[in-house]
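Each residue takes its place number in the sequence, starting with 1.
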Amino acid sequence: NSDFQPPMADEEDSFDEEDDDREVQTLFRARVMFPFDSSCDVELTIKTGDVVNVTRDDVGGGWWEGELNGVRGLFPEQYVEKIEDAPAPAPIPVAAPRPAERPISTMSTQPMPTPRERVVPEPSVPASVPAAAQSPVPKKPMGRYPMQEGPSWQQSSPFVITVKANAKKGSKLSGIKKFTTYEIANTSTGSSVVRRFKHFTWLHARLGAMFPGVVIPAIPEKQLQGRFDEDFIEKRRRKLQRFISRVAAHPVLGPSSVFLHFLSASDQKTWKSGKRTAEQEAKSASAFLEQIVPPGERPTETDSIIGNFSRFFGWFDKQLHHLGKVMDEISRLQTDECAEYAKNAGILARFNDTIPPNAKYDKSDIKPKYGEWWAADPADTVGELMGAMGRLGDGFSRVATHLAAFQDQEQQVLYDLIREYIAIMKSFSSIVKMHDSAWHDFNAASMKEATTVEQRETMRARCNVISSIVLCEFRHFHQSVVQDFRQAIALYAAGRATYHKEAQAIWEDIAESVSS
């Protein structure tokens, strides 16, 4: 998009050509176990047997940075093996920007492959590599989206992303058009970029186009009214945080280059370049399927597994809708309760000659003088009673504050999660339909005499790939839903306990003060 805005008032993300030639410290050396061909200028081409000087091992997403023959770039960490006890070379001057300044923007959309098995052929190692460092070279992995037996996705290295809404609004067209920007920080690399909401929607669309059969996390819907309301911005930020965190945690989406480009492109030129590449590759959804090699034959019980899961998530979806409605009603009642507590606090404050600010009152609300007229030295028992009534009002006010804080926490912990999973359920319906449709077409084609054996086997292989993807997504969903809801329930229960303890302490303090 021509109106992409680079980080505003932040020149640290720009490139500094005067700083290109510098000494780079080598952390350790690594031997290349299988070749990798770069697809852009930020990647490093390596061949089997090469020895790479590793300069960074904290890039994230399954990538390392290294130097080979005076060229520095990024390569998959699992394509190499660290050479233990090898003497580290002296710092090498390399004519290339630092990775923090060179975004991983136009790499291939495939994540880093992980070899499933190792064989022991005679390695081809240059003479410069010590004999002690030589070891078998693994077989090149079949497919760049490795699956484990089960099947399930091969887990990638996790990394943490945080999303923060910037207080200062972005603008264009001399301030006529304003928008909210979000700072996205990758805690594993220490880098950050600024994005608008439309960039999140772009990422969501590209992931959906590039990875058919993979459940893409939901993003918040677009809203025209109240876009700059603080409460709305915070709710949207939380949803965007959930979206980004879930993408980062996915074994396929997290290491994908389109996601790394989104996290790292810090200037308009780089963003546009990577954007064009991603959009071009997204036109061929079959590219992802062609890169998948299932770990084995399609399990005979696949249809039964998918059928059982479909029935379960249909039931689960229905229960989540019911639970969401109940939680919405609880939230409404708690909001009303907070309002009633505040109202009670205002009325009780008048007993203690305290009129809350901005409260509506007339002269009849002001307490007249009254005391023990019959006593020569009257005690102020009425004043003490009125003070107790005022303290009771203060108790209502304090409890209302705690309840409002708990309600906000409750919204973040449980309500948002329920709504998020309701959206995920919709995606599962679509991938199951994709699976069933593929096998239906295969069965129909197999019945036709015109279908050749080669065509039939090609279709069968493609259907097996789709089945494997769906089963992997089921496994990933199972792990996520168990972990997410266990954590949410624990936090929700702990929050409830804290709120009731705080409320109990308030009422006990008032009771003790009155009785004494």
Handout entry: Short side-chain to backbone donor-acceptor contact, Asp50 and Lys47, under 3.5 Å
Key = yes

Completion exercise
Nearest heavy-atom contact between Ala165 and Ile233 is CB-CG2, 3.7 Å

Exercise for the section: Compute whether any side-chain donor of one residue and acceptor of the other, for Ser467 and Asn464, lie under 3.5 angstrom apart. Expected result: no

Completion exercise
On a heavy-atom basis, the closest approach of Pro255 and Leu260 is O-CD1, 3.9 Å

Practice task
Report yes or no: do Thr55 and Glu65 form a side-chain donor-acceptor pair below 3.5 Å?
Solution key: yes

Exercise for the section: Can you measure from OG (Ser257) to CE (Met210) and round to the nearest 0.5 angstrom? Expected result: 9.0 Å

Problem - Among Lys235, Arg238, Arg236, salt bridge (Lys or Arg N to Asp or Glu O under 4.0 Å) partner for Asp416 - result: Arg238

Fill in the blank from the handout: Tightest non-hydrogen contact, residues Ala218 and His204, listed as CA-NE2, 4.3 Å

Problem - Donor-acceptor pair, side chain of Tyr415 and main chain of Met327, under 3.5 angstrom - result: yes

Practice task
Verify the distance criterion only: is there a donor paired with an acceptor across the side chains of Trp271 and Ser266 at less than 3.5 Å?
Solution key: no

Handout entry: Spatial distance of atom CD1 (Ile431) from atom NZ (Lys426) [nearest 0.5 Å]
Key = 16.0 Å

Problem - Presence of salt bridge, Glu329 and Lys325, under 4.0 angstrom - result: no

Exercise for the section: May I ask you to decide whether Asp267 forms a salt bridge with Lys272, counting only side-chain N to carboxylate O separations under 4.0 Å? Expected result: no

Practice task
Kindly compute the distance separating OH (Tyr182) from CD (Gln241), expressed to the nearest 0.5 Å.
Solution key: 12.0 Å

Practice task
Give, for atom OG1 of Thr201 and atom CZ of Arg196, the distance between the pair rounded to the nearest 0.5 Å.
Solution key: 9.5 Å

Problem - Full working for side-chain contact (heavy atoms from CB on, under 4.5 Å) between Asp317 and His321 - result: CA-CA 6 Å; Asp317 178 50; His321 275 88; 3.1 Å; yes

Handout entry: Residues that Glu149 engages under side-chain hydrogen bond (donor to acceptor under 3.5 Å, both in side chains), provided they are two or more places apart
Key = none

Problem - Minimal non-hydrogen separation, Gly254 against Phe259, with atom names - result: O-CD2, 3.3 Å

Practice task
Determine, stepwise, if the pair Glu234 / Arg237 fulfils salt bridge (Lys or Arg N to Asp or Glu O under 4.0 Å).
Solution key: CA-CA 5 Å; Glu234 172 57 20; Arg237 184 204 65 79; 3.0 Å; yes

Practice task
For a ring-ring contact (aromatic ring centres under 6.0 Å, His included) with Phe477, tell me which candidate from Phe312, Phe309, Phe313 qualifies.
Solution key: Phe309

Exercise for the section: State, without any angle test, whether Asp484 and Tyr421 hold a side-chain donor-acceptor pair at a distance under 3.5 Å. Expected result: yes

Fill in the blank from the handout: dist Asp436:CG -> Cys463:SG (nearest 0.5 Å) comes out at 10.5 Å

Practice task
Please indicate whether Arg332 has more than 12 foreign heavy atoms, meaning atoms of other residues, nucleotides or ligands, lying under 6.0 Å from its CZ.
Solution key: yes

Exercise for the section: State whether Arg242 and Glu420 are salt-bridged, where the test is any N-O pair (Lys NZ or Arg NE/NH1/NH2 against Asp/Glu carboxylate O) under 4.0 Å. Expected result: yes

Handout entry: Heavy-atom donor-acceptor pair, Ser437 side chain to Met434 backbone, under 3.5 Å
Key = no

Handout entry: Main-chain N/O of Leu253 paired with Ser256 side-chain donor or acceptor, under 3.5 Å
Key = yes

Problem - Salt bridge flag under 4.0 Å for residues Asp328 and Arg419 - result: yes

Practice task
Apply side-chain contact (heavy atoms from CB on, under 4.5 Å) to Leu263 and Ile184, showing your working.
Solution key: CA-CA 7 Å; Leu263 295 178; Ile184 307 170; 3.8 Å; yes

Problem - His250 side chain to Arg246 backbone, donor-acceptor under 3.5 Å - result: no

Practice task
Verify, without hydrogens or angle tests, whether Arg29 (side chain) and Lys82 (backbone) share a donor-acceptor contact under 3.5 angstrom.
Solution key: no

Practice task
Could you verify whether a donor N or O on one side chain and an acceptor N or O on the other, from Glu473 and His478, lie under 3.5 Å apart?
Solution key: no

Exercise for the section: Keeping the roles fixed (side chain from Thr302, backbone from Arg298), state whether a donor-acceptor pair exists under 3.5 Å. Expected result: no

Completion exercise
Minimal heavy-atom distance between Val193 and Phe262, with the atoms involved, is CG2-O, 3.8 Å

Practice task
Kindly check if the number of other-residue, nucleotide or ligand heavy atoms within 6.0 Å of CD (Glu457) is above 12?
Solution key: yes

Handout entry: Interatomic spacing from OG1 in Thr181 to CZ in Phe179 - rounded to 0.5 Å
Key = 7.0 Å

Handout entry: Which atom of Ile161 lies closest to which atom of Ser245, heavy atoms considered
Key = O-OG, 4.0 Å

Practice task
Please check if atom CD in Glu454 has more than 12 non-hydrogen atoms from other residues, nucleotides or ligands closer than 6.0 Å.
Solution key: no

Exercise for the section: Return yes if a side-chain donor-acceptor contact under 3.5 Å exists between Gln407 and Ser331, otherwise no. Expected result: yes

Exercise for the section: Name the orientation class of the two ring planes belonging to His261 and Trp202 (parallel below 30°, tilted from 30 to 60°, perpendicular beyond 60°). Expected result: perpendicular

Exercise for the section: Determine, step by step, whether Glu67 and Arg72 satisfy the salt bridge (Lys or Arg N to Asp or Glu O under 4.0 Å) criterion, reporting the C-alpha distance in whole Å, the side-chain angles of both residues, the deciding distance to 0.1 Å, and the verdict. Expected result: CA-CA 4 Å; Glu67 176 274 333; Arg72 188 155 61 103; over 6 Å; no

